[in-house]
Structures are given as C-alpha cells and as structure tokens.
Amino acid sequence: MSKEITSREEDYSQWYNDLILKGGLADYSAVRGCMVIKPYGYAIWENMRDQLDKMFKDTGHENAYFPLFVPKSLFEAEEKNAEGFAKECAVVTHYRLKTDPDNKGKLIVDPEAKLDEELVVRPTSEAIIWNTYKGWIQSYRDLPLLINQWANVVRWEMRTRLFLRTAEFLWQEGHTAHATRDEAVDETVQMLNVYATFAEEFMAMPVIKGIKSANERFAGAEDTYCIEALMQDGKALQAGTSHFLGQNFAKAFDVKFADKENKLDYVWATSWGVSTRLIGALVMAHSDDQGLVLPPKLAPIQVVIVPIFKGAEQKNLIDDKVKVLQQQLKAAGIKVKYDDNDNNRPGWKFAEYEMKGVPVRIAIGARDIASNVVEVARRDTKEKASMSIDGLAENIIKLLADIQSAIYNKAKGFRDEHITNADNWDEFIQLLDTKTGFIAAHWDGTPETEEKIKELTKATIRCIPLDNKMEDGKCILTGNKSSQRVLFARAY
RNA sequence: CGGGAUGUAGCGUAGCCCGGUUAUCGCGCCUGGUUUGGGACCAGGAGGUCGCAAGUUCGAAUCUUGCCAUCCCGACCA
C-alpha cells in the first residue's frame with residue numbers, strides 16, 4: 001500500500017518524515033523551509049498550547065501580542081543578541097510592488113518604495129518587547145511584569161526539517177521583568193520546571209533539566225536553562241529553554257525603575273520559550289514502525305470506535321449502541337470519534353488509526369453487543385482485550401491513564417539506559433559511535449575544549465544537569481581538573 | 001551555502017541514454033452494485049502546465065541553460 005512507513009532501522013530520517021506526512025500532521029509547502037501544519041498536527045499543537053497557556057496563567061502570566069517586525073535600529077540594540085541572530089534574519093526592505101512595464105502580468109519590487117529603515121522579521125522578540133517595556137516600567141510597583149505571547153517567528157535556517165527546524169515556526173515566548181536578580185533567577189527556574197512538568201506529564205517524555213555551557217547559551221543571556229530529551233536514534237533534542245537575561249536588555253533599552261528608596265536601577269529579565277518543535281519531539285519519542293504513538297493527554301482523538309457489521313440491520317443496532325457509549329465517553333471527558341464511514345472496511349481503519357497514533361480503538365459488532373462487550377485495543381502495546389459495556393467509560397479512563405504512564409516509562413527506560421559514563425577519550429568515542437545517547441563525562445570547563453570536542457566528534461554539551469553531584473575527575477580531552485560530569489550528545 | 005541524488009495525475013511509478021501518433025501501470029478518486037472481526041471485489045468513468053522558465057529543433061517528458069523544491073552528506077543552528 002502507498003501508506004507504508006519506512007522502518008527506523010532502514011532509514012530513521014525517512015521514518016520520521018513518513019510519520020509526519022502519512023500521519024497527516026504536516027505537509028511541505030511552496031515556500032522554502034516552511035511547512036503547512038495540517039488539521040491533525042495543528043490539533044496536537046492546540047492541545048499543547050492550551051495546557052501550557054493554563055500553566056503560564058496559573059503562574060501569574062498574561063498574554064499580549066507584539067509586532068512581527070522589528071526596526072533594525074532596535075534589533076541591534078542588544079549587541080550579543082543581534083549578533084547571534086543576524087545570520088538568519090529575513091529583512092523587509094520595501095513596502096510596495098508594481099506591475100512590470102517590461103513583462104505584462106508580472107510584478108516587480110517598486111524601487112521607489114524602499115524603506116528608510118529596514119524591518120527585521122522577528123527571530124525572537126526581546127528587542128521590540130524591551131523597547132516597549134521601557135514605557136511601561138517606572139517604579140518597583142510596576143514589577144514584576146509577567147507577559148507571554150503566542151506568535152510565529154522566522155529564522156532563515158540553511159537546512160530545515162519538518163517541525164524540528166523550519167524557517168517559520170509557531171511558539172510562545174515569555175518575557176518578564178523583575179526588581180531583583182534573585183526574583184528573575186527564580187522565575188527562570190520556575191518556567192523551566194513548568195516546561196519539564198509539561199514534557200513529562202503531558203508529552204510523556206522524560207527530560208533532563210540543566211544549564212547550558214557558554215557556547216550553547218542564548219545570545220544575550222547570562223544563563224540558559226534547558227530541558228533536554230533523548231530521541232529513539234540516540235540523538236538529543238533541546239525541547240525548551242528558559243533564559244536568565246540579567247540586566248542586559250534593560251541596559252540596552254534603558255529600562256530603569258525606582259525602588260522603595262527612590263533609587264534607580266535597571267530591571268532584571270527572563271525569557272523562555274517552546275515551539276512547534278515539541279511536536280517533532282513527541283513524534284520521535286514514542287512512535288514505532290507502524291506509525292505515530294501519541295500520549296492520551298495530547299492526542300486529538302483519544303478513542304476511536306469502529307463498527308463491524310453485516311447489513312443495514314446490524315449497522316443500525318450498532319449505531320444505537322454506539323450513540324449511548326459515545327455520550328458516556330464524552331461525558332467522562334474523553335475525546336471520542338465514531339468512524340462509521342462506509343468507504344473503508346474495518347481492517348483499513350485499524351491500520352489508519354494505528355498510523356495516526358490514536359491511543360485506544362474500540363471495535364464493536366453484533367456479536368459483541370450480544371454478549372455486552374466491546375473489543376478494546378491499545379496503540380502502544382497493540383494488546384487487545386474484551387471489555388464489558390457496563391462501566392466502559394471508567395475503564396477507558398483508567399486505560400488511557402495506563403497508556404500515558406506506560407509510554408512515559410518506556411521512554412524513560414530507554415533514556416535512562418542511554419546515559420552512560422565515559423572516563424576517557426577512547427570510551428567517549430566508542431560510546432558516541434555505538435551506544436549513542438547522553439554521555440556523562442568530565443570536562444575542564446573551557447569553551448575551547450568544548451569546541452574542540454565538537455569539531456572532533458560532533459557531540460556538544462547538552463547541559464550541566466541541575467541536580468548534578470560534584471565529583472573530582474579529569475577532562476576526557478585535556479586531562480585537566482574537573483569537578484563534575486556534564487552531558488554530551490549528538491543533537492538535533 | 002558546497003557536494004550528491006531526485007522531481008511524470010492525490011501517492012508510487014514506466015518511458016528519458018538513442019527527440020517522432022492519443023504519456024505506461026498500480027494504488028487512490030467518482031458512479032453503480034456486492035461487501036465489512038486486520039489495509040475487500042466487480043463493472044464503468046474522471047483526472048496530466050511531464051517541477052518552472054528560456055533555448056536548440058519541422059517536432060521536446062526526452063537534448064542544453066537558468067531557476068524552484070525535496071531528500072542525503074557537510075557547513076550553519078539560542
């Protein structure tokens with residue numbers, strides 16, 4: 001059949017693409033590096049967004065919206081940030097087209113319509129937001145300022161991959177301002193914890209909370225905290241970041257506040273974000289060679305009901321029964337779909353919903369109704385069981401919870417299996433090339449050493465785990481003294 | 001952006017080297033019927049800017065050039 005999926009074994013990249021395309025999450029578009037997010041994929045994003053938005057609001061944040069365009073002069077105000085993003089910015093230079101006098105029916109950029117100042121299409125919004133905050137903050141009474149925005153950003157990446165790295169992507173970016181350093185650091189860590197909780201409890205994806213080395217730090221940040229996940233091919237994926245920005249942006253945009261003693265000081269800042277990349281992470285974390293495996297808490301469809309019948313009479317009988325069941329399941333808060341489309345037979349539907357990663361499938365036929373049961377199949381293990389129609393909703397709720405924790409445990413088992421200590425260079429190389437995953441190794445703490453290791457192996461320091469224990473050792477490359485292990489991996 | 005590969009109907013493809021009637025086949029799609037417990041079957045039918053643009057030629061899916069997109073490997077990537 002045309003919907004066959006390339007196996008992970010055969011070609012991991014192709015497997016990933018197949019899942020996205022054939023699972024109906026997204027499609028390529030006519031625009032280089034930009035994808036179309038299809039309804040099924042967007043529904044996952046909506047579920048992620050709704051949950052995260054709730055968590056942001058529960059921690060005191062409000063949503064706002066800032067412009068897509070950033071005047072170049074503002075963009076360059078915070079030097080490090082500007083430098084970091086300069087190479088991947090789309091820039092608007094003109095505001096008008098006109099008909100081509102030499103080529104009928106075609107348009108050209110009107111050279112008369114050149115902008116005095118170029119507009120940068122935001123790759124991130126610190127600049128425009130901090131320029132705005134300047135007008136909003138005068139006193140400690142205006143702080144903290146806790147704002148989030150849901151937006152699209154553009155980063156002109158050289159090589160793109162569906163969801164993992166696209167030229168335009170959807171994300172949220174929180175931007176907060178605080179009166180003290182400590183409060184800003186607390187906020188940074190708090191939001192990192194929100195991300196970690198979301199990843200583990202909703203995406204069923206275990207993550208390591210850590211801090212980035214100087215090389216991997218966000219341009220313009222003092223510290224970048226991150227959650228790192230491990231994909232099934234042994235490569236790491238940065239799933240979310242939370243930055244402590246110090247007073248860098250306050251100084252760049254001259255945002256000062258008066259404290260209780262009427263003393264002026266620059267405010268302290270954070271920014272934090274996750275993007276549609278999370279969908280890529282979700283896909284790679286759990287799926288198998290038959291298709292997507294989605295965690296029940298984020299699945300657009302949690303339960304699909306497939307009727308099996310001979311003739312219209314049986315179909316009517318099943319319809320009546322399903323109508324009741326559907327109401328019960330919906331009342332129990334379950335997202336349920338009844339697929340009684342007559343174009344496809346049950347076997348086709350089974351395969352289709354497996355590919356789409358629907359966590360639970362219920363098959364119901366005349367003989368089931370006769371014995372007051374349904375056949376319940378779970379996507380993660382492919383196990384099938386007969387379940388009584390009485391109290392079905394309660395049992396399905398339990399099953400969905402089971403699946404949620406089962407796929408988390410499976411992913412966590414894999415992840416934990418793939419954190420390995422390396423005590424010298426040979427071991428390090430060996431592990432990178434055979435076992436893959438996170439490698440915990442001593443590092444002398446210098447950017448030069450990290451850079452060298454990256455050159456030699458393509459492995460980078462993913463993070464220094466927050467709960468790291470101190471331990472004397474020697475750097476695997478230089479042999480210099482080290483006080484703790486850091487996590488290396490090849491990464492997306 | 002450099003190296004390699006690819007682009008023919010919604011998907012997968014034959015034809016291209018060696019230019020020549022109406023562009024091949026399978027899946028899917030539409031109509032009708034029979035079916036339905038793991039990707040159904042029969043009959044009829046629709047669907048094509050051969051990625052786009054220029055060029056060579058009496059004639060281009062086929063040859064040439066440029067461009068666009070995708071994939072793989074690099075470089076790049078908070």
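Lettering of chains follows the sequences in order, A, B, ..., and the numbering in each one begins at 1.
- OP1 or OP2 of G37(B) sits under 4.0 Å from a side-chain N or O of Arg345(A).
- Looking at heavy-atom distances under 4.0 Å, Phe244(A) makes no contact with the nucleic acid at all.
- Looking at which nucleotide of RNA chain B each of Arg277(A) and Leu162(A) is closest to, the 5′-most match is held by Leu162(A).
- For Lys349(A) and Asp340(A), the salt-bridge test fails: no basic side-chain N is under 4.0 Å from an acidic carboxylate O.
- Each of Ser29(A) and Lys87(A) was assigned the nucleotide of RNA chain B with the nearest heavy atom; the assignment lying further toward the 5' end belongs to Ser29(A).
- The phosphate of C77(B) (OP1 or OP2) has no side-chain N or O of Tyr492(A) nearer than 4.0 angstrom.
- Formation of a donor-acceptor pair under 3.5 Å by the Ser287(A) side chain with backbone atoms of Met284(A) is not found in this model.
- Using atom P as the reference point in both C63(B) and A5(B), the two lie 15 Å apart (nearest Å).
- With both pairing distances under 3.5 Å, G19(B) is matched to nothing as a Watson-Crick or G-U wobble pair.
- With both pairing distances under 3.5 Å, G26(B) is matched to C11(B) as a Watson-Crick or G-U wobble pair.
- Between Leu21(A) atom CG and G10(B) atom P there is a gap of 16 Å when expressed in whole angstrom units.
- Taking all atoms of both residues into account, the shortest heavy-atom contact from Val267(A) to Gln247(A) is O-CG, 3.5 Å.
- Residue contacts for Gly240(A): at a heavy-atom cut-off of 4.0 Å it reaches no nucleic acid atom on any strand shown.
- To the nearest angstrom, P of C76(B) lies 18 Å from CZ of Arg161(A).
- Per the geometry, CD belonging to Gln314(A) stands 13 Å off C1' belonging to U35(B), to the nearest Å.
- The separation of C76(B) from A60(B), taken at their P atoms, amounts to 46 Å, rounded to a whole angstrom.
- Of the candidate nucleotides G39(B), G37(B), C72(B), G37(B) has the atom lying nearest to any side-chain atom of Arg367(A).
- In this structure a side-chain-to-backbone donor-acceptor pair under 3.5 Å is missing from Asp320(A) to Leu317(A).
- As a whole-Å value, the separation of Glu451(A) CD from A75(B) C1' is 13 Å.
- Taking atom C1' on both G15(B) and U8(B), the two are 9 Å apart, rounded to the nearest angstrom.
- Among the heavy atoms of the strands, none lies under 4.0 Å from Gly84(A).
- Separation of the C1' atoms belonging to C25(B) and G47(B) is 15 Å when rounded to the nearest angstrom.
- Taking the charged nitrogens against the carboxylate oxygens, Asp319(A) and Lys315(A) do have a contact shorter than 4.0 Å, which makes a salt bridge.
- If you take atom P in U56(B) and the same atom in A14(B), they sit 31 Å apart, rounded to whole Å.
- With respect to the salt-bridge test (charged N to carboxylate O, under 4.0 angstrom), the residues Glu228(A) and Arg415(A) do not qualify.
- With rounding to whole Å, Lys384(A) atom NZ is found 11 Å from G37(B) atom P.
- Contacts of Asp11(A) with the nucleic acid, taken as non-hydrogen atoms under 4.0 Å apart, are absent.
- Contact annotation for Glu216(A): backbone-only contact, meaning every heavy-atom pair under 4.0 Å involves sugar-phosphate atoms and none involves a base.
- With respect to the salt-bridge test (charged N to carboxylate O, under 4.0 angstrom), the residues Arg8(A) and Asp18(A) do not qualify.
- Minimum atom distance to the side chain of Lys458(A) is reached by G74(B), of the listed C77(B), G74(B), G38(B).
- In terms of phosphate contacts, Arg159(A) brings no side-chain nitrogen or oxygen within less than 4.0 Å of OP1 or OP2 of C76(B).
- Taking every side-chain heavy atom of Phe309(A) into account, U36(B) is the closest of G74(B), U36(B), A69(B).
- One donor-acceptor pair, N or O on each side, does fall under 3.5 Å between the base of G38(B) and the side chain of Glu354(A).
- Put simply, NZ on Lys212(A) is 12 Å from C1' on C77(B), counting in whole angstrom units.
- With C76(B), U36(B), G39(B) as the choices, the nucleotide that has an atom nearest any side-chain atom of Trp348(A) turns out to be G39(B).
- Among the nucleotides U36(B), C1(B), G37(B), the one closest to the side chain of Met158(A) is C1(B).
- Side chain Asp342(A) to base U36(B): a donor-acceptor pair is found below 3.5 Å.
- Look at Arg165(A) and you won't find any side-chain N or O under 4.0 angstrom from OP1 or OP2 of C77(B).
- For the pair Tyr492(A) and Arg165(A), the minimum side-chain heavy-atom distance is 4.5 Å or more.
- In summary, Glu354(A) and Arg361(A) engage in a salt bridge, as defined by a charged side-chain N under 4.0 Å from a carboxylate O.
- U6(B) and G10(B) have their P atoms separated by 22 Å, given to the nearest Å.
- In this model, the phosphate group of C72(B) is approached by a side-chain N or O of Ser13(A) to a distance below 4.0 Å at OP1 or OP2.
- Judged by Watson-Crick or G-U wobble contacts below 3.5 Å, the nucleotide A43(B) has U31(B) as its partner.
- For G39(B), the base has no donor-acceptor partner in the side chain of Asn344(A) [N/O atoms by modelled type, under 3.5 angstrom].
- Nearest to the side chain of Glu352(A), among U36(B), G39(B), A69(B), sits G39(B).
- Spacing of C1' atoms, A61(B) relative to C18(B), comes out at 15 Å, to the nearest Å.
- Between G26(B) and G45(B), the two P atoms lie 14 Å apart (nearest whole Å).
- Within the shown strands, A69(B) is the pairing partner of U6(B) under the Watson-Crick or G-U definition, both distances less than 3.5 Å.
- Atom CD of Glu450(A) is separated from atom C1' of C77(B) by 14 Å (rounded to the nearest Å).
- Here the P atom of nucleotide C71(B) and the CE atom of Met35(A) are 12 Å apart, to the nearest Å.
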